[in-house]
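As the structure lists them, so they are numbered: ligands from 1, and atoms in each ligand from 1. Quick note: residue numbers are just sequence positions, from 1.
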Amino acid sequence: MRRTGYVWHEQYAWHDTGTYAGLVPAGGPTQPHQNFESPESKTRLAGIIEVSGLIDDLVKIPARPAGEEDVLRVHTAEHHDRIRSVSAAGGGDAGDGWSPFGRGSYEIALLAAGGTIAAVDAVLSGAADNAYALVRPPGHHAVRERGMGYCLFANIAIAIEWARKHHGVKRVAVVDYDVHHGNGTQAIFYSDPDVLTISIHQDQLFPQDSGFVSERGSGDAHGTNINVPLAAGAGNGAYLNAIDRVVAPAIRRFQPELIIVASGFDASAADPLGRMSVTASGFKAMAERLVALADEVCGGKLVMSHEGGYSPVYVPFCGLAVLEALSGRETGVVDPFAISFEDSPTHPLTPWQDEVIAKAAALAEELQLVVRSDG
Ligand code: 3YP
Ligand code: ZN
């Protein structure tokens with residue numbers, strides 16, 4: 001059993017993405033519904049964490065808003081100020097036309113970045129062994145000068161800069177298993193040799209023009225960005241292979257003091273936006289490997305920050321499974337979708353998945369082994 005920190009705040013559910021029909025605006029023949037990025041999957045994950053009783057074994061970490069100065073370590077003042085003023089004026093889009101937000105979302109976005117900061121603080125101070133920040137809106141697409149893909153501010157990047165400033169942390173590794181490319185985190189740290197960014201995602205899903213194996217970091221940060229773009233259809237075998245053959249060796253060589261995971265559940269078998277078939281047991285196995293890896297390289301210091309995942313009915317089981325892995329506590333909740341999702345021919349590793357994983361694995365091997373002076 002570990003002391004696992006947990007961040008959730010009612011206001012995360014109040015971020016208003018408006019009336020849509022999933023991905024597209026409603027109107028005409030398109031009956032109004034919700035945006036795919038609605039509160040549902042997250043509030044229902046928060047719900048099962050309570051109802052399963054797992055909440056009683058977690059260390060509740062209060063969410064707090066990030067300060068303007070925390071945001072400005074990552075984003076331009078123009079982006080920050082625009083989100084603040086558009087939010088106050090009733091809402092708008094964060095930058096790419098895919099990132100709607102309503103009145104008050106500026107404050108909620110600060111609370112999402114601040115929730116990730118609070119989780120990092122808890123782990124680096126020793127108040128918790130590891131932590132899960134169930135935040136909203138997400139962050140991994142946001143770049144310095146604008147929001148993208150449902151993201152307003154880059155929650156994880158902001159928390160990394162906080163950790164450097166307030167905890168004297170030097171090297172941080174980011175592992176992103178959200179089905180979309182973590183382009184924002186990649187871009188923000190592209191020329192930073194002290195932040196290793198690894199993204200496993202569906203090839204050319206979103207953004208369509210990034211996430212290729214050839215994007216490796218620039219200057220003296222060459223080698224510190226690794227992409228594993230898997231063709232649509234990947235299941236547990238491909239994801240676990242990517243963790244074992246790319247993520248683990250890269251992190252062993254990089255020797256970070258902290259691992260942060262961009263935890264999206266849109267690679268699940270039930271997701272309306274992703275075309276992968278990862279199951280709750282697959283997410284749990286990934287999380288178990290990440291916990292073991294953190295034990296090996298950084299005293300177990302692992303923080304997860306929630307990203308995408310749009311199946312209201314399946315995300316709760318995937319998220320609960322990950323929290324079980326972090327805490328080492330079994331709730332006894334059985335994945336009711338296993339009967340349909342586990343017994344699928346998508347799970348064994350295929351030759352084409354093996355090929356891209358081998359390419360990324362070769363890059364992980366090229367990472368220069370860091371020898372720590374503190375033993
Ligand atoms: C944002 C607009 C189209 C697809 C999209 C994906 C957002 C997401 O879940 N990113 O991780
Ligand atoms: Zn996503």
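- Look at Asp335 and Lys284 and you find no salt bridge, because none of the NZ, NE, NH1 or NH2 atoms lies under 4.0 Å from a carboxylate O.
- Salt bridge absent: Lys170 and Glu257 never bring a charged side-chain N and a carboxylate O closer than 4.0 Å.
- Of the angles at the Zn ion (ligand 2), the one spanning OD2 of Asp178 and ND1 of His180 is 150° when given to 10°.
- Between Arg253 and Glu365 there is a salt bridge, with a side-chain nitrogen of the basic residue lying less than 4.0 Å from a carboxylate oxygen of the acidic one.
- For Thr331, the side chain to side chain donor-acceptor pair (under 3.5 Å) partners at least two apart in sequence or on another chain are Glu324.
- Two rings, from Phe337 and Tyr314, have their centers less than 6.0 Å apart.
- Distances from the Zn ion (ligand 2) to each N, O or S atom of Asp266 single out OD2 as the nearest.
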Can you list every pair where an N/O of ligand 1 is under 3.5 Å from an N/O on the protein?
residue	atom	partner	partner atom	Å
ligand 1	9 (O)	His180	ND1	3.0
ligand 1	9 (O)	Asp266	OD2	3.1
ligand 1	9 (O)	Tyr310	OH	2.4
ligand 1	10 (N)	His140	NE2	3.4
ligand 1	10 (N)	His141	NE2	2.6
ligand 1	10 (N)	His180	ND1	3.1
ligand 1	11 (O)	His140	NE2	2.5
ligand 1	11 (O)	His141	NE2	3.1
ligand 1	11 (O)	Asp178	OD1	2.8
ligand 1	11 (O)	Asp178	OD2	3.2
ligand 1	11 (O)	His180	ND1	3.1

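- A salt bridge is defined here as a Lys NZ or Arg NE, NH1 or NH2 lying under 4.0 Å from an Asp or Glu carboxylate O, and Glu78 with Arg146 fails to meet this definition.
- Between Tyr177 and Tyr239, the ring centre distance reaches or exceeds 6.0 Å.
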